[in-house]
Amino acid sequence: MKYIDQTVVRKMMGKRAMKNRFFQTLFFVSTIFALVVLAILLYRIFTQGISYVTPEFFQNFASRRASASGIKAALVGSIWVMGVVIPISLLLGVGTAIYLEEYAKKNKLTNFIQANISNLAGVPSIVFGLLGLTVFVRGMDLGRSILAGGLTMSLLILPVIVVAAQEAIRSVPKELREASYGMGATKWQTIYRIVLPAAIPGILTGSILAFSRAIGETAPLLVAGAFVFVNYLPENLLSSYTVMPIQIYNWASRPQAEFQNVAAAGIIVLFIFLIVMNSVAVLIRNKFQKRY
């Protein structure tokens with residue numbers, strides 16, 4: 001200790017303490033700024049649109065008159081589209097993750113596939129819209145249907161679910177697998193009964209973010225053939241449709257001031273729909289977290 005210069009130590013510790021206080025203050029200010037902006041946005045949306053969120057707003061179709069406009073067709077269309085997106089993206093995403101983590105050999109090919117899946121998560125959404133237009137709308141002749149739109153949105157969020165599912169599967173302790181094999185279980189029995197239940201919380205965490213992105217996207221569905229103005233309800237998966245983000249965009253682009261308030265009401269409904277959908281996923285996730 002006698003070879004250590006206490007003056008230098010105090011000087012260095014003082015600089016480190018200053019840096020620590022600076023970055024702590026910077027992060028705190030950044031958080032407060034984000035919360036203030038969010039509060040202002042929510043305040044403006046709710047003050048503008050809450051008076052338009054009435055039972056008639058849910059019962060009426062879109063109209064050229066703001067007072068008669070409703071979100072019925074867009075709300076039902078969004079439910080139909082998410083009814084296609086959620087099962088398809090979960091099955092394909094989790095299935096791909098299981099194969100890559102549990103069955104595929106670690107070689108250059110799997111590394112190449114893994115790198116491309118990660119890169120696809122950052123591709124602009126309109127590119128997936130063009131892909132959906134080429135493959136589903138025209139190639140498979142599905143037309144401007146709910147099925148084509150749902151498949152397009154499934155491709156959009158698939159990379160996010162695959163990456164999240166892989167990370168969740170990797171986080172399962174090896175001891176659980178080894179204990180299952182020691183009891184005589186096959187590989188698939190181990191995956192189905194041990195690995196998947198333990199990985200479900202992590203899978204759902206990534207899936208919640210992916211579904212939130214899917215329900216708020218506009219560009220891919222516009223390219224893939226979703227309608228802007230719809231005054232009827234879809235009857236099946238091959239029916240034409242619209243969704244809430246497109247309907248909100250249509251109202252917000254109108255020059256009349258009343259339509260801005262109607263658009264705010266649509267945002268409130270979309271916000272509530274998103275909260276309900278995510279709450280169900282969180283409840284399922286918490287159930288498995290308590291179990292495992």
Side-chain angles (χ1 to χ4, degrees), residues 53 55-63 69-94 125-126 128-158 160-161 204 207-252 262-263 265-284:
V53 183
E56 291 76 18
F57 186 67
F58 292 93
Q59 296 171 3
N60 295 343
F61 294 101
S63 173
S69 292
I71 201 168
K72 183 177 181 179
L75 177 60
V76 175
S78 293
I79 294 173
W80 272 91
V81 171
M82 293 308 297
V84 174
V85 170
I86 291 174
I88 290 178
S89 58
L90 272 180
L91 287 174
L92 292 179
V94 176
S125 60
I126 196 168
F128 287 96
L130 293 171
L131 178 63
L133 176 66
T134 304
V135 176
F136 303 126
V137 177
R138 295 177 179 172
M140 298 177 63
D141 199 24
L142 294 176
R144 304 171 70 176
S145 64
I146 291 172
L147 185 58
L151 291 173
T152 301
M153 298 307 293
S154 298
L155 290 180
L156 173 66
I157 66 174
L158 197 57
V160 178
I161 295 178
L204 287 180
S207 299
I208 289 170
L209 298 176
F211 298 151
S212 300
R213 181 185 180 187
I215 197 173
E217 283 287 352
T218 303
L221 293 178
L222 281 174
V223 175
F227 287 80
V228 176
F229 184 88
V230 173
N231 59 356
Y232 52 85
L233 295 180
E235 298 179 352
N236 51 57
L237 291 177
L238 298 179
S239 300
S240 55
Y241 68 102
T242 189
V243 291
M244 286 188 284
I246 294 178
Q247 186 64 72
I248 292 169
Y249 169 77
N250 182 34
W251 286 332
V262 178
I267 293 173
I268 294 173
V269 175
L270 178 61
F271 186 65
I272 294 172
F273 185 86
L274 185 62
I275 289 176
V276 171
M277 185 181 70
N278 288 351
S279 298
V280 173
V282 169
L283 288 174
I284 298 173

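Taking CD from E217 and CG from L222, the interatomic distance works out to 10.5 Å, rounded to the nearest 0.5 Å. Here N250 contributes atom CG and F229 contributes atom CZ; the two are 8.5 Å apart, rounded to the nearest 0.5 Å. Separating the OG1 atom in T218 from the CG atom in L221 is a distance of 7.5 Å, to the nearest 0.5 Å. Going from atom CZ of F57 over to atom CD1 of I71 covers 4.5 Å, rounded to the nearest 0.5 Å. I157 CD1 to S207 OG: the interatomic distance, rounded to the nearest 0.5 Å, is 7.5 Å. Of the inter-residue distances, the one linking S69 atom OG with E56 atom CD reads 13.0 Å to the nearest 0.5 angstrom.
Side-chain contact check for I246 versus F227: every heavy-atom pair is 4.5 Å or farther apart. With a 4.5 Å cut-off on side-chain heavy atoms, F136 and L131 do not count as touching. Contact check for M153 versus P220: side-chain heavy atoms found under the 4.5 Å cut-off. Contact of the I88 side chain with the L158 side chain is not registered, since no non-hydrogen atoms from C-beta on lie closer than 4.5 Å. The side-chain heavy atoms of L151 and L142, taken from C-beta on, include a pair separated by under 4.5 Å. Contact of the K72 side chain with the N60 side chain is not registered, since no non-hydrogen atoms from C-beta on lie closer than 4.5 Å.
Looking at every heavy atom in both residues, S125 comes nearest to A219 through OG-CB, 4.3 Å. Between S89 and F211, the shortest heavy-atom distance links the atoms OG-CE2, 3.5 Å. T152 and G132 make their closest contact through OG1-CA, 3.4 Å (heavy atoms, listed as atom of the first residue, atom of the second, distance). Taking every heavy atom of both residues into account, I161 and A210 meet most closely at CG1-CB, 3.8 Å. Across S154 and V85, no two heavy atoms sit closer than the pair OG-CA, 3.5 Å. A pairwise comparison of heavy atoms in V137 and R144 identifies CG1-N, 4.5 Å as the closest pair.
Enclosure of atom OH in Y249 is not indicated, since only 12 or fewer non-hydrogen atoms of other residues, nucleotides or ligands lie within 6.0 angstrom. For R138, the CZ atom counts as loosely surrounded, since its 6.0 Å shell holds 12 or fewer non-hydrogen atoms of other residues, nucleotides or ligands.
Within the structure, side-chain hydrogen bond (donor to acceptor under 3.5 Å, both in side chains) contacts touching residues 239-248 (residues at least two apart or in different chains) are Y232-S240, N236-S239.
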Would you be so kind as to tabulate the donor-acceptor pairs closer than 3.5 Å made by side chains of residues 269-283, with sequence neighbours excluded?
{"unit_1": "N278", "atom_1": "ND2", "unit_2": "S212", "atom_2": "OG", "d": "3.2"}
{"unit_1": "S279", "atom_1": "OG", "unit_2": "I275", "atom_2": "O", "d": "2.6"}

